[in-house]
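Just so it is clear, the structure is predicted and the values come from calculations on it, not from any experiment. Here is how names work: the chains are called A, B, and so on, in the same order as the sequence lines, proteins then strands, and each is numbered from 1.
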Amino acid sequence: MYAVEVTNLSRRFGEFTAVDNISLKVKTGSIYGFLGPNGSGKSTTIRMLCGLLTPTAGSGTILGLDIAKNTEAIKHKIGYMSQKFSLYDDLTVIENLNFYAGMYSLPRVNGKQRIQEMLALAGLENRQHQLAANLSGGFKQRLALGCAILHNPPILFLDEPTGGVDPKSRRMFWDIIYNLSQQGTTIMVTTHFMDEAEHCDEIGFIYNGKLIATGPPSQLKTALPGTLLEIPNSKPMELLTTIQTKQLPHLDLYPFGAMLHVLVTPDNIQAYTALRAKIIAPSLEDVFVYLVKTHREEDLA
Amino acid sequence: MITMDNVTKTFDHTIAVNGVSLNIKAGEIFGLVGPDGAGKTTIIRMLTGILTPTSGELSVLGATNPEKVKHRLGYVPQRFSLYGDLTVMENIRFIGSLYGETTKKINMLATQILDFSKLLPFKDRYAANLSGGMKQKLALAAGLMHRPTLFFLDEPTTGVDPVSRREFWQMLYQLNKDGTTIVVSTPYMDEADLCTKIAFMHNGRLVSCAPPEELRQSYPYKVFELCTPDRNIKTRLGASVILDINSFGEKYHLITANIPNAITEVTDAITTATIPITALNEISPTLEDVFVALASEVN
């Protein structure tokens, strides 16, 4: 059963094609990670799925509703949260929640109980009367999420929800997302932190408006040709230059935190033994380095 | 090259930067890391002379007012601030002319810098039609037109694709090798690892300031990496020797106190909770682990 199904979706703004012929499906109750650099078309796609923007071409359904025709019905059934948390800074935590409860026309009694649940979910029980403006980034983010899911939407769109939030809050946020997903909510999330993508059941990677890879993380990782080596080094950039100068054989070579990652054909592994190289399983970041490079070369060709 | 002594900056009722003292030496790639609102941008703006501290002393290239040494400073702001309706080359030449160079010199330098930033093939493209990664390279190129000795970059790689991000850092590394001191802020922890020294900011305060290797060594816990297909380990490992669990897909970082026999205790806890183990190893903490610990201490 699919909560989202779109076929050949495109959106042009004048001469510019923001979204180019995208087809994708999102299983009900799964976490779908929509990844790609800024300007690649992630937000435009999400806006079309939410019924906020009409597609130039293509068609699709959300929860069985047509994204071009049933836009009003869709808006009642979805939750949406973006990096620009849409909270009222000059209202308190509880006032923000009450306001959203009113917007969604929640019945008064159920609404009260639901607001309490959201306070607990965001860890804001003791901060109900604090102004939203005075909350830290992590609390703001969780309050914005609480406001976005007050009406119990079966599907939730999160557009870069963790941009600019500290690592600890990022993790707390993902714990909440996991719980929502386990309770049956379908979640579509965009991020440019690749480690967060590892949490998703399914990934779609978008680049220059095109969906260039889809699949579960484990499947995407098999796309990488050759063997991936990791060399720990406190000066990865210098080691990179050394390897280039020595012309050690490699398919690709790039820094990865305090490591250097080298992609080699299996017969060239031994060239790196002296450098204490270790064979590792690729992360999604490695996969996307590879995908972006191959597609960029295609673009130039 | 830079000293800050107990510098504070307040805006109305917000304390953006709170009593920060630090030194940046010539030849460094100095990284400012921390969440939004930690004070990174405010520090960069004070060091470039755009903002004046509310209290405290600072000195940049020997001047207490950075405005006086402006011609030696380069600055790439967080938001792209070049002209979308000018081409790559036109933007670069325009910036060059602002610094009063001769046309001949501007042309020579522009070609050289666009070549360095790999933008020469795109020199006739309108800036508005560049990808995010290329826009950032153009901003970097523009910041280099007057050949600064001290170069500030405010989150230059946020939202940029993983390949452009790495190319950008290779350029920074090259500039640094050629003698430019670099001060750069970033939300990506893997980039923090490429700095010679990292200042970790939290709520306007400087929480720590050290080379990445030193930060890792001073980490007070042990980290074990567990690989398991089990997705629900957090609740089951709740009350055990494990203090914290961070998930990375099928990998989990289990944090324990720095105790002897930690590996045995962790293995016991996992076995008792009947969680299947695909692999379990002690690993050295990532910078992200370090910052999670530092941020928790502050809170």
Side-chain angles (χ1 to χ4, degrees), chain A residues 15-16 36-40 83 133-134 136-138 140 160 163-171 174-175 178 182 192-200 207-208 217-218 232 234-238 240-241 254-259 281 283-293 295-296 300, chain B residues 13-14 29 34-38 121 129 131-133 135 155 158-167 169-170 172-174 176-177 187-194 196 202-203 211-213 216 227 231-232 234 244-251 284 286-289 291-293 295-296 299:
Chain A
E15 298 276 283
F16 177 67
N38 280 355
S40 56
Q83 187 182 357
N134 299 337
S136 75
K140 268 190 196 164
E160 288 188 13
V165 173
D166 71 88
K168 184 89 195 164
S169 301
R170 271 208 297 138
R171 283 160 189 192
W174 273 97
D175 284 342
Y178 273 145
Q182 269 165 7
H192 44 244
F193 289 102
M194 294 299 160
D195 59 333
E196 293 187 350
E198 305 271 356
H199 298 292
C200 302
Y207 186 67
N208 287 341
S218 56
S234 55
K235 295 197 171 92
M237 288 293 199
E238 276 171 34
L240 186 139
T241 319
Y254 47 88
F256 204 97
M259 317 270 182
S283 69
L284 278 177
E285 175 108 5
D286 293 299
V287 174
F288 296 133
V289 166
Y290 171 71
L291 286 173
V292 167
K293 279 196 178 158
H295 282 265
R296 207 155 63 167
L300 289 175
Chain B
H13 300 292
T14 323
I29 302 183
D36 277 6
N129 298 337
S131 73
K135 271 189 186 141
E155 293 203 12
T158 300
V160 169
D161 73 78
V163 178
S164 301
R165 211 149 77 69
R166 287 180 166 80
E167 288 169 347
W169 271 86
Q170 275 168 359
L172 289 187
Y173 176 73
Q174 196 52 51
N176 180 252
K177 269 189 86 172
Y188 295 104
M189 293 301 160
D190 61 329
E191 294 184 351
D193 251 315
L194 301 174
T196 54
H202 194 77
N203 287 337
E213 213 31 56
R216 244 189 275 276
C227 298
R231 270 205 139 185
N232 198 17
K234 284 203 175 177
D244 199 5
I245 300 173
N246 301 318
S247 47
F248 299 87
E250 289 183 349
K251 281 184 199 161
S284 71
T286 62
L287 277 183
E288 180 135 343
D289 292 320
F291 291 135
V292 168
S296 312
N299 292 333

task = Please list, chain by chain and in numerical order, all residues satisfying side chain to side chain donor-acceptor pair (under 3.5 Å) with S40(A), sequence neighbours excluded.
result = none

Pick from K177(B), E213(B), E167(B) with the largest number of heavy-atom pairs that fall under 4.5 Å of chain A = E167(B)

request  = From the options F256(A), Y290(A), F288(A), select the one residue that forms a side chain to side chain contact (heavy atoms under 4.5 Å, CB included) with P162(B).
outcome  = F288(A)

query = Mind checking what makes ring pair (Phe, Tyr, Trp, His ring centres under 6.0 Å) contact with Y188(B), not counting sequence neighbours?
reply = F193(A)

query = Looking at G257(A) and L194(B), what are the two nearest heavy atoms and their distance?
reply = O-CD2, 3.8 Å

ask   = Can you tell if the side chain of T241(A) reaches within under 4.5 Å of the side chain of Y173(B), non-hydrogen atoms only?
value = yes

request  = Please round to the nearest 0.5 Å and tell me the distance separating atom OG1 of T14(B) and atom CG of N134(A).
outcome  = 8.0 Å

ask   = With a 4.5 angstrom heavy-atom cut-off, which part of M194(A) approaches chain B: side chain, backbone, both or neither?
value = side chain

request  = Give the minimum heavy-atom separation between V163(B) and V289(A), together with the two atoms involved.
outcome  = CG2-O, 3.4 Å

key: Nearest-0.5 Å distance that lies between atom OG in S283(A) and atom NZ in K251(B)   = 7.0 Å

request  = Answer yes or no: is there a side-chain heavy-atom contact under 4.5 Å between Q170(B) and Y254(A)?
outcome  = no

inquiry  = Nearest 0.5 Å, please: how far is CG in D161(B) from CG in L291(A)?
reply    = 11.0 Å

ask   = Hey, what do you get for CE (M237(A)) to CG (D193(B)), rounding to the nearest 0.5 Å?
value = 11.0 Å

request  = Look at P37(A), G36(A), P232(A) and state which one has the largest set of heavy-atom pairs under 4.5 Å with chain B.
outcome  = P37(A)

task = With a 4.5 angstrom heavy-atom cut-off, could you sort out which part of L240(A) is near chain B: side chain, backbone, both or neither?
result = side chain

remark   = The interface call for D244(B) against chain A, heavy-atom contacts under 4.5 Å, is side chain

query = Tell me, side chain or backbone of E160(A) under 4.5 Å from chain B's heavy atoms, or both, or neither?
reply = neither

message = Counting only non-hydrogen atoms closer than 4.5 Å, does P255(A) touch chain B with its backbone (N, CA, C, O), its side chain (CB onward), both, or neither?
response = both

task = First locate atom CZ of R166(B), then atom NZ of K293(A), and finally report the distance between them rounded to the nearest 0.5 Å.
result = 8.0 Å

key: Partner chain B: residue of E196(A), E238(A), Q182(A) with the largest heavy-atom pair count (under 4.5 Å)   = E238(A)

ask   = Is there a side-chain contact (heavy atoms from CB on, under 4.5 Å) between D190(B) and E285(A) once you walk through the steps?
value = CA-CA 11 Å; D190(B) 61 329; E285(A) 175 108 5; 4.3 Å; yes

